[in-house]
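What follows is a set of notes on a single structure, which appears directly below.
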Amino acid sequence: MSRIRGSVGVIKFLDQSTSIERAYVFVYTDDGHLWGNWWDGSRWAWTDIGTPGGTTVSAPVGAVAVQTAPGSQAVPYIYVIGADGHLWWSRKNNTGQWTWTDQGVPAGVTLHRLADPVGAVNLRLSPTQPDLPQVFVLDVQGNLWRHGFDGLTWRWYGHGSPQPSYNAHGVGLVAVQNGPNAASRPEAFIGVNGQVLELTWYNDAWTWSTHSSSGTTYVRHAGTIAVQDGWDTQQRPYVFSCDLEGGPLRTNWWTGAQWVWSVQAGTDAAGLDPSCGDAVALPDRFTGTRYPYVFYWSRQQPMRLMLTWWG
């Protein structure tokens with residue numbers, strides 16, 4: 001195995017409706033291969049998923065676990081940009097073998113291979129319908145593109161940007177629900193200098209909004225999650241970030257009425273590494289409240305993964 005170059009994504013899913021959830025981690029290496037690392041029930045196992053046909057992995061996009069019907073066996077879908085500039089999709093077929101599919105590129109568009117990725121997420125129109133994977137990428141001019149499955153076919157959709165810029169980069173992507181029986185809708189976040197721009201699916205339409213400035217010159221990804229105040233309450237997106245100089249850790253979160261920026265006390269003293277980190281929301285088993293856990297690198301302790309939590 002060549003040296004790991006970067007992460008593509010981390011997912012968890014049920015291999016079968018009666019099995020336990022398993023964690024899958026996907027990375028790509030200097031030789032352009034995609035690798036998977038997962039728990040097989042007794043040990044962590046590495047698998048070389050290989051390279052897209054005729055090319056290599058050039059940049060990560062994201063990973064998502066997809067159910068073709070509620071309660072069915074989930075399948076990991078992994079997305080990368082190849083050295084040929086195309087979006088590529090890898091998944092397991094019915095025989096358990098990993099396959100690659102060229103998803104192409106929007107006509108006349110050059111996808112961005114140097115910016116932080118936006119990611120992949122599921123759209124579910126109702127709890128009784130299947131997952132519809134949606135992949136978000138940026139072009140070199142700073143416009144946001146979505147490669148979405150509508151239940152029958154894959155299509156490219158151009159969403160533009162309120163502030164297109166070659167400095168645009170991915171900040172995060174999350175799916176949220178207004179309640180346990182509501183549709184699951186994507187919310188995509190990109191950064192242009194210190195601004196966060198949000199694209200969300202709401203009331204059967206895609207809508208852009210611009211958040212206030214983070215107080216930095218550049219918003220760096222540190223995780224995007226959906227938190228929840230109880231089992232039956234609305235999910236609310238939280239976006240975590242730092243700037244190019246590192247800390248402090250900043251949070252842009254939806255209160256239920258407005259977006260608010262806040263600085264997490266104590267994280268500036270840690271000297272955040274500008275590679276930042278990632279986040280996950282974990283539930284309280286009694287109340288259903290989902291609290292954010294943020295993992296980030298410290299410059300003062302460069303090989304230590306640090307954890308913060310608040311609720």
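All residue numbers in this chain count up from 1 along the given sequence.
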Judged by atom type as modelled, is there a donor-acceptor pair below 3.5 Å linking the side chain of Ser90 to the main-chain atoms of Thr99?
-> yes

So CH2 of Trp46 and CG of Asn37: to nearest 0.5 Å the spacing works out to 4.5 Å

Taking 4.0 angstrom as the limit, do Asp150 and Arg155 come out as a salt bridge?
-> yes

Candidate pair Trp89 and Trp154, rule ring-ring contact (aromatic ring centres under 6.0 Å, His included), full reasoning | CA-CA 12 Å; Trp89 167 32; Trp154 288 91; 5.3 Å; yes

The reported gap from CD1 in Ile49 to CZ in Phe26 (rounded to nearest 0.5 angstrom) is 5.0 Å

Answer yes if the side chains of Asp139 and His112 hold a donor-acceptor pair under 3.5 Å, and no otherwise.
-> no

Using only heavy-atom distances, determine whether the side chains of Tyr218 and His169 contain a donor-acceptor pair under 3.5 Å.
-> yes

To the nearest 0.5 angstrom, please state how far the CZ atom of Arg3 sits from the OG1 atom of Thr29.
-> 10.0 Å

Backbone N or O of Phe149 within a donor-acceptor pair of the Gln134 side chain at under 3.5 Å?
-> yes

Any chance the side chains of Arg146 and His159 put a donor and an acceptor closer than 3.5 Å?
-> yes

Can you check whether Leu87's main-chain N or O pairs, donor with acceptor, with Gln103's side chain at less than 3.5 Å?
-> no

When every non-hydrogen atom of Ala222 is compared with those of Leu249, the smallest separation belongs to CB-CD1, 3.9 Å

Would a hydrophobic clustering, with Ile, Leu, Val, Met, Phe, Trp and Tyr connected at side-chain separations under 4.5 Å, put Tyr291 with Val176?
-> no

At what distance, to the nearest 0.5 angstrom, does OG1 of Thr56 lie from CD1 of Ile81?
-> 12.5 Å

Cation over ring, Lys92 on Trp38, under 6.0 Å and within 45°?
-> yes

Where the side chain of Trp261 meets the backbone of Ser212, is there a donor-acceptor pair that is under 3.5 Å apart?
-> yes

State which residue, out of Thr224, Asn252, Val174, Thr251, fulfils the side chain to side chain contact (heavy atoms under 4.5 Å, CB included) condition with Tyr238.
-> Thr251

Going hydrophobic residue to hydrophobic residue with side-chain gaps under 4.5 angstrom, can you get from Trp201 over to Trp254?
-> no

Where is the tightest heavy-atom contact between Trp88 and Pro52, given as atom of each residue plus distance?
-> CD2-CB, 3.3 Å

Is Tyr166 atom OH crowded by more than 12 heavy atoms from other residues, nucleotides or ligands, each under 6.0 Å away?
-> no

On a heavy-atom basis, the closest approach of Ala281 and Ala226 is CB-O, 3.4 Å

Going by atom types alone, do Asp116 and His221 pair a side-chain donor with an acceptor below 3.5 Å?
-> no

Does Val140 offer a backbone N or O that forms a donor-acceptor pair with the side chain of Thr110 under 3.5 Å?
-> no

side-chain contact (heavy atoms from CB on, under 4.5 Å) between Trp145 and Tyr157, worked out | CA-CA 6 Å; Trp145 290 85; Tyr157 303 87; 6.0 Å; no

Say whether, by atom type as modelled, one donor and one acceptor occur between the side chain of Asp284 and the main chain of Gly288 under 3.5 angstrom.
-> no

For Glu198 and Ser209, test the side chains for any donor-to-acceptor distance below 3.5 angstrom and give the result as yes or no.
-> yes

Pair Tyr77-Trp98, ring-ring contact (aromatic ring centres under 6.0 Å, His included): steps then yes or no = CA-CA 10 Å; Tyr77 285 16; Trp98 288 94; 9.8 Å; no

Any donor-acceptor pair under 3.5 Å linking the side chain of Trp206 with the backbone of Thr200?
-> no

Kindly work out whether a path of hydrophobic side-chain contacts (I/L/V/M/F/W/Y, heavy atoms less than 4.5 Å apart) joins Phe240 to Val171.
-> no

Hey, is the main chain of Asn143 close enough, under 3.5 Å, to the side chain of Gln141 for a donor-acceptor pair?
-> no

Side chain Asp131, main chain Gln67, donor-acceptor under 3.5 Å = yes

Evaluate the criterion side-chain contact (heavy atoms from CB on, under 4.5 Å) for residue pair Tyr28 and Ile4; output intermediate values, then yes/no.
-> CA-CA 6 Å; Tyr28 68 112; Ile4 293 175; over 6 Å; no

Measure across Ala63 and Ile78 and return the closest heavy-atom pair with its distance rounded to 0.1 Å.
-> CB-CD1, 3.7 Å

Considering non-hydrogen atoms only, spot the tightest contact between Ser58 and Arg113 and give its length.
-> OG-CD, 3.5 Å

More than 12 heavy atoms of other residues, nucleotides or ligands under 6.0 Å from CD of Gln129: is that the case?
-> yes

Has the side chain of Asn193 got a donor or acceptor atom that lies under 3.5 Å from a matching backbone atom of Gln195?
-> no

Value for CG (Leu123) from CG (Leu132), rounded to nearest 0.5 Å, stands at 5.0 Å

Do Phe189 and Trp253 share a hydrophobic cluster (ILVMFWY, side-chain heavy atoms under 4.5 Å, transitive)?
-> no

Hphob cluster co-occupancy, Leu197 + Leu173, side-chain heavy atoms under 4.5 angstrom = yes

Looking only at heavy atoms, what is the nearest atom pair of Ala188 and Val118, with distance?
-> CB-CG1, 4.3 Å

Are Arg290 and Gln235 close enough that a side-chain donor and a side-chain acceptor fall under 3.5 Å?
-> no

